[in-house]
Amino acid sequence: MGIQGMELCAVAVVILLFIAVLKQFGILEPISAEDGGDAELELSAVRHQPEGLERLLARTRFTKKELQSLYRGFKSECPSGLVDEETFKLIYSQFFPQGDASTYAHFLFDAFDADRNGALCFQDFVIGLSILLRGTVHQKLKWAFNLYDINKDGYITKEEMLEIMKSIYDMMGRCIHPALRDSAPAEHVELFFQKMDRNGDGVVTFEEFLETCQKDEDIMSSMQIFENVI
Amino acid sequence: MAAGVAAWLPFARAAAIGWMPVANCPMPLAPTEKNKRQDELIILNVSGRRFQTWRTTLERYPDTLLGSTEKEFFFNEDTKEYFFDRDPEVFRCILNFYRTGKLHYPRYECISAYDEELAFYGILPEIIGDCCYEEYKDRKRENAERLMDDNDSENNQEGSMPSLSFRQTMWRAFENPHTSTLALVFYYVTGFFIAVSVITNVVETVPCGTVPGNKELPCGERYAVAFFCLDTACVMIFTVEYLLRLFAAPSRYRFIRSVMSIIDVVAIMPYYIGLVMTNNEDVSGAFVTLRVFRVFRIFKFSRHSQGLRILGYTLKSCASELGFLLFSLTMAIIIFATVMFYAEKGSSASKFTSIPASFWYTIVTMTTLGYGDMVPKTIAGKIFGSICSLSGVLVIALPVPVIVSNFSRIYHQNQRADKRRAQKKARLARIRVAKTGSSNAYLHSKRNGLLNEALELTGSTEDEQHMTKGTSLIESQHHHLLHCLEKTTNHEFIDEQLFEQNCMESSMQNYPSSRSPSLSSHHGLTTSCCSRRNKKTTHLPNSSVPATRLRSMQELSTIHIQCSEQPSLTTSRSSLNMKSDDGLRPNCKTAQITTAIISIPTPPALTPEGESRPPPSSPSHSTNIPTTATTNIVKVSAL
């Protein structure tokens with residue numbers, strides 16, 4: 001049996017080699033599965049042009065020169081004209097090397113991305129900046145309220161505030177003094193609600209928020225410190 | 001901070017408005033830009049070629065020539081442009097660095113010219129981008145080697161050498177025979193004797209003539225005495241040479257471990273062992289084996305031949321590739337040997353008695369030697385045998401030239417991969433350094449800033465200007481942003497080391513600390529917002545300036561945690577601060593009580609010393625802290 005087995009093997013090998021030679025000559029076209037077409041062409045990122053300078057001048061409170069210098073900086077960083085969330089998180093994290101700024105950057109991104117299309121274009125960027133730097137106190141507070149209100153339903157709940165607070169504390173990182181306790185964000189949220197929630201219904205509406213902030217001197221004065229950023 | 005990121009700083013600062021309603025303390029004031037200029041185009045004339053750029057582009061890197069006021073030295077009043085009498089080609093790369101934040105190295109540029117330009121413009125070569133960094137390092141290394149070679153040949157041509165000791169001259173003579181005639185003579189003599197020894201070994205075994213009795217004798221046995229004398233002479237020379245080298249070697253231990261000395265020893269050992277051993281019948285067999293080692297004398301020629309050394313080095317460095325080749329060959333041999341064995345099992349009187357016995361057939365067939373001592377007889381055996389020889393051609397003959405070129409390619413690739421890995425470590429280290437640098441810069445400037453506030457109070461403005469010299473506007477704005485974040489969360493950034501220390505301290509504490517004034521940290525941590533207000537309203541009792549500075553340093557060093565040496569002093573100071581703090585407590589959220597101790601930088605006796613030190617950079621300062629802390633930590637917790 002052994003001999004026959006080996007002879008069978010030998011014959012099988014010979015046949016295989018024969019087929020291989022035939023394939024070489026192209027006589028036997030094997031039925032091979034096609035590769036899935038060409039490699040996908042990576043569509044280059046769509047280039048996004050901002051609105052005209054005149055329109056932006058009308059919509060914001062910046063001067064022409066300011067808009068020009070803002071756009072130059074924006075364009076040199078994002079040649080495609082759009083900032084997606086990952087890039088935004090990356091850029092924002094560079095300012096806070098000790099901690100993790102990605103969660104807060106996510107909230108910021110949502111606050112700036114007014115048309116909710118997942119990318120920041122120059123309009124969103126510059127309109128947001130206009131509110132923050134040149135707007136009235138009312139507008140600034142509205143912006144801040146919008147930032148805290150994660151689901152944009154007009155109410156700040158304790159859970160939303162807790163998330164915001166945790167993301168702010170995350171930016172501080174680990175090496176802080178005094179050492180961060182786990183309850184620090186929650187306590188801060190409590191303090192915030194005590195101050196803001198007038199009628200004690202567990203949510204803060206914009207009217208309560210506005211009223212409390214306008215009465216608080218510290219907050220009012222802090223709102224003004226970034227006047228001359230641009 | 002990266003250039004591009006600086007463009008986003010205004011945005012990050014504006015976004016900080018989101019923290020305002022959440023914070024419980026007022027925010028610090030923003031740094032103001034003194035003499036804020038409208039952004040303008042400036043013209044840089046480099047040897048006639050005009051480059052234009054915005055002023056703010058250049059100011060992104062304030063510690064370079066173009067970014068600082070140093071460029072004013074090159075300002076040409078008549079043409080209102082900055083004129084540099086340098087290479088315009090390289091300047092293109094340098095200006096691009098300011099624009100994009102990445103420094104590239106053009107391949108066509110000479111490495112030393114490029115280095116000079118970088119040094120002139122005050123740019124460190126380490127920031128060359130990853131795309132060009134490897135090339136830059138390679139060229140730099142080649143250049144350094146070339147310089148070293150030049151230096152060496154220069155040194156060799158110099159007649160006057162500093163006087164070396166006798167030992168050093170001897171070693172130089174051994175290593176480099178061209179230094180003196182004696183060394184040359186020695187070199188040729190040893191070479192001659194190595195040749196004589198090798199030829200003797202060979203001729204020893206040739207049968208020369210018959211002796212009555214019809215027995216062919218090898219020459220070695222016929223002229224035994226002559227050969228023995230020759231052998232002795234050679235071994236004498238080799239021994240003397242070895243001992244001289246051992247004496248002259250600068251590091252005897254390293255010399256003994258080197259390959260050449262091992263070869264020397266192996267070459268002469270058999271002779272001595274032969275002398276020691278008598279003509280005992282049992283050991284004579286072993287003695288004969290030892291004589292084989294005499295052939296290693298031929299390796300002594302490698303001292304005389306550069307080529308041999310290079311070959312040895314090449315084989316050593318390509319060892320891994322050769323090993324892989326051997327492994328794949330072994331696999332093929334085993335496969336075919338097994339197949340042949342089972343194919344030939346049935347035939348009678350088959351030479352393929354076992355698989356190891358088939359190895360010989362497989363090797364001989366694959367290398368196309370074909371001795372013919374083992375031949376398959378069955379049909380299956382013949383088929384597989386022919387496949388074996390065909391694949392032998394493929395396996396051995398074809399890849400050999402490919403492997404030869406693969407050697408150099410794979411070798412260089414590995415080197416590059418290792419370099420890249422080493423660079424990656426260096427790159428990550430650089431990034432980490434930059435990160436810690438920026439956070440350290442913040443902490444450092446915070447201390448400076450707090451010191452500034454105190455100085456402002458006492459009216460010493462010249463010192464304040466001295467302190468703020470270091471930070472640029474962008475840095476101060478960034479620090480202001482981080483400061484606002486601290487205020488919002490009522491926590492402060494500290495060093496990694498201090499943080500570890502705090503953890504250590506808090507873990508060593510067995511009981512919750514009392515609210516005794518000497519141990520409570522409310523002073524230390526009711527954050528600088530309150531202490532800042534504090535400074536504005538209280539009058540420091542001591543009017544003399546140096547002492548005030550000391551006092552304010554104590555008050556302000558909220559970050560430094562050191563052990564108190566004199567508790568009494570502590571109480572007095574803390575009570576002073578406590579009085580002023582009381583009124584402000586309700587406004588600020590009180591920090592939790594930890595075991596941190598009130599700080600006194602130094603006992604009063606050492607104050608002048610402490611003050612004369614310039615505001616220390618964080619690394620040096622923080623190194624002071626742990627030492628005092630660790631030595632005194634037991635004392636404090638015992639309190």
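A quick note: this is a predicted structure, and the numbers were derived from the prediction, not measured.
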Taking the side chain as C-beta and beyond, is there a heavy-atom pair between [X] and [Y] under 4.5 Å?
X        : Y        : answer
B:His480 : A:Ile225 : yes
B:Glu492 : A:Met172 : no
A:Glu7   : B:Thr378 : no
B:Thr489 : A:Met171 : no
A:Tyr148 : B:Pro21  : yes

Return the option, out of A:Arg174, A:Met165, A:Met220, with the maximum number of heavy-atom pairs under 4.5 Å with chain B.
->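 Greatest number of close heavy-atom pairs with chain B: A:Arg174.
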Looking at A:Cys213, A:Cys175, A:Ala10, which makes the most heavy-atom pairs under 4.5 Å with chain B?
->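 The option with the most such pairs is A:Cys175.
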In this structure, are over 12 heavy atoms from other groups packed under 6.0 Å from A:Lys64 atom NZ?
->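 Counting neighbours around NZ of A:Lys64, 12 or fewer heavy atoms of other residues, nucleotides or ligands fall under 6.0 Å, so no.
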Heavy-atom neighbours of A:Lys142 NZ exceed 12 at 6.0 Å |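 More than 12 within 6.0 Å, yes.
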Toward chain A, the part of [X] with a non-hydrogen atom under 4.5 Å:
X        : result
B:Lys345 : neither
B:Trp19  : both
B:Ile383 : side chain
B:Ala434 : neither
B:Glu344 : neither

For A:His188 and B:Val22, indicate whether the former's side chain and the latter's backbone hold a donor-acceptor pair under 3.5 Å.
->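 Flag set: sc A:His188 to bb B:Val22 pair under 3.5 Å.
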Quick one: which of A:Phe95, A:Phe74, A:Phe112 gives a side chain to side chain contact (heavy atoms under 4.5 Å, CB included) with B:Phe11?
-> A:Phe112
In chain order, what residues pass the salt bridge (charged side-chain N to carboxylate O under 4.0 Å, His left out) check against B:Arg430, with sequence neighbours excluded?
->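 B:Arg430: no salt bridge (charged side-chain N to carboxylate O under 4.0 Å, His left out) contacts found.
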Centroid-centroid distance, A:Phe96 to B:Phe493, less than 6.0 Å | no
Per-residue contact mode, A:Leu17 against chain B (heavy atom under 4.5 angstrom) = side chain
Residue pair A:Leu129 / B:Pro10: nearest heavy atoms and the distance that separates them =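 Taking every non-hydrogen atom into account, CD2-O, 4.4 Å.
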Test ring pair (Phe, Tyr, Trp, His ring centres under 6.0 Å) applied to A:His106 - qualifying residues, sequence neighbours left out |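 With neighbours one apart ignored, the set is empty.
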